[in-house]
Number of protein chains: 2
Amino acid sequence: MRRALDLAAAAAAAGEVPVGAVVTFEGRIVGEGANATRSRNDPTAHAEIVAIRAAALALGVDRLGGCDLWVTLEPCAMCAGAIAHARIARLYFGAGDPKGGGVAHGPRIFSQPTTHHRPEVHDGLGEGEASRLLVDFFAARRG
Amino acid sequence: MRRALDLAAAAAAAGEVPVGAVVTFEGRIVGEGANATRSRNDPTAHAEIVAIRAAALALGVDRLGGCDLWVTLEPCAMCAGAIAHARIARLYFGAGDPKGGGVAHGPRIFSQPTTHHRPEVHDGLGEGEASRLLVDFFAARRG
């Protein structure tokens, strides 16, 4: 999660909403990403999607069974769907997101009976630092 | 929708689940894609995601307000989330998907109060041909 938080901080410095994500396999980082929707002109370039795509490409597979995803913010519905498609084994997220989250809030994707795969979910890791990055980012943009 | 159906048929010929999608702006195709999860080693490479990414890149924007998305199958939760993030104005889909759909089934993303943007939704266009492509594809794989 330390690396994901550093990626989030770097995203903020680049003018992107500060969210970072890392995919690990057997404790080793196999893919990482930060929110990059503006710089890449890609509305799907959330940190989780960037990290999942990087990991699958690096491993030469289209499913990441046995891999874990670490992300600083609760995934939205799009990213939760991607996590299910990728067969991620364990999801660790930092701050909850009552407005945009799709795991513990909103559509609660992994609680839907039609969701084909559900990772183990662990929340609250690095929550304080993850939240602070987001609050500071949006405060600076309004300021 | 004719172009989306042709893209779906081409996907089947390439061994991918046959789903095709097209993004239009003022009646002109600005992005297109077919399901390519296997060939690209990318669990997020559903037709809608491929088409949205292509359109945003082509137009040099990170939001596709005013654009329409045409897809042969009901979008899943991941793709419905991407459609909301991209601010797609109108969604036209062919066949409904009771098992994996996220618009008219399952999490019904656009009916969630936390979903920030809802496109107009029109279904059933080219439904027969879209369904037939999928049924034939899975029958051949089981055969």
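Side chains included, hydrogens not; waters and symmetry mates left out as well; all remaining heavy atoms used.
When each of Arg53(A), His105(A), Arg40(A) is scored by its heavy-atom pairs under 4.5 Å with chain B, the top score falls to Arg53(A). When the candidates Asp62(B), Thr115(B), Asp42(B), Thr114(B) are compared by the number of heavy-atom contacts under 4.5 Å with chain A, Asp62(B) comes out ahead. For the options Pro98(A), Ala82(A), Ser111(A), heavy-atom pairs under 4.5 Å to chain B are most numerous at Ala82(A). Each of Cys79(B), Gly101(B), Ala77(B) has some count of heavy-atom pairs under 4.5 Å with chain A, and the biggest count is that of Ala77(B). The candidate with the highest count of non-hydrogen atom pairs below 4.5 Å against chain A, out of Ala56(B), Pro107(B), Gly81(B), is Pro107(B).
Proximity to chain A (any heavy atom under 4.5 Å) is shown, for Pro113(B), by neither the backbone nor the side chain. Looking at Arg38(A), both its backbone and its side chain come within 4.5 Å of chain B, counting heavy atoms on both sides. Residue Ile109(A) touches chain B through its side chain alone, counting heavy-atom pairs closer than 4.5 Å. Heavy-atom distances place the side chain of His46(A), and not its backbone, under 4.5 Å from chain B. Interface residue Thr37(A): backbone and side-chain heavy atoms are both found under 4.5 Å from chain B.
For Arg87(A), the CZ atom sits in a packed shell: over 12 heavy atoms of surrounding residues, nucleotides or ligands are nearer than 6.0 Å.
Side-chain contact between Pro75(B) and Ile83(B) is present, with at least one heavy-atom pair separated by less than 4.5 Å. Considering only heavy atoms from C-beta on, Tyr92(A) stays 4.5 Å or farther from Val71(A) through its side chain. A heavy-atom distance below 4.5 Å is found between the side chains of Leu69(B) and Glu48(B). Residues Leu59(B) and Leu64(B) meet the side-chain proximity criterion, which asks for heavy atoms closer than 4.5 Å.
In summary, Asp136(A) and Arg132(A) do not engage in a salt bridge, as defined by a charged side-chain N under 4.0 Å from a carboxylate O.
Annotation for Ala80(A) and Gly102(A): closest pair CB-O, 4.3 Å, computed over non-hydrogen atoms.
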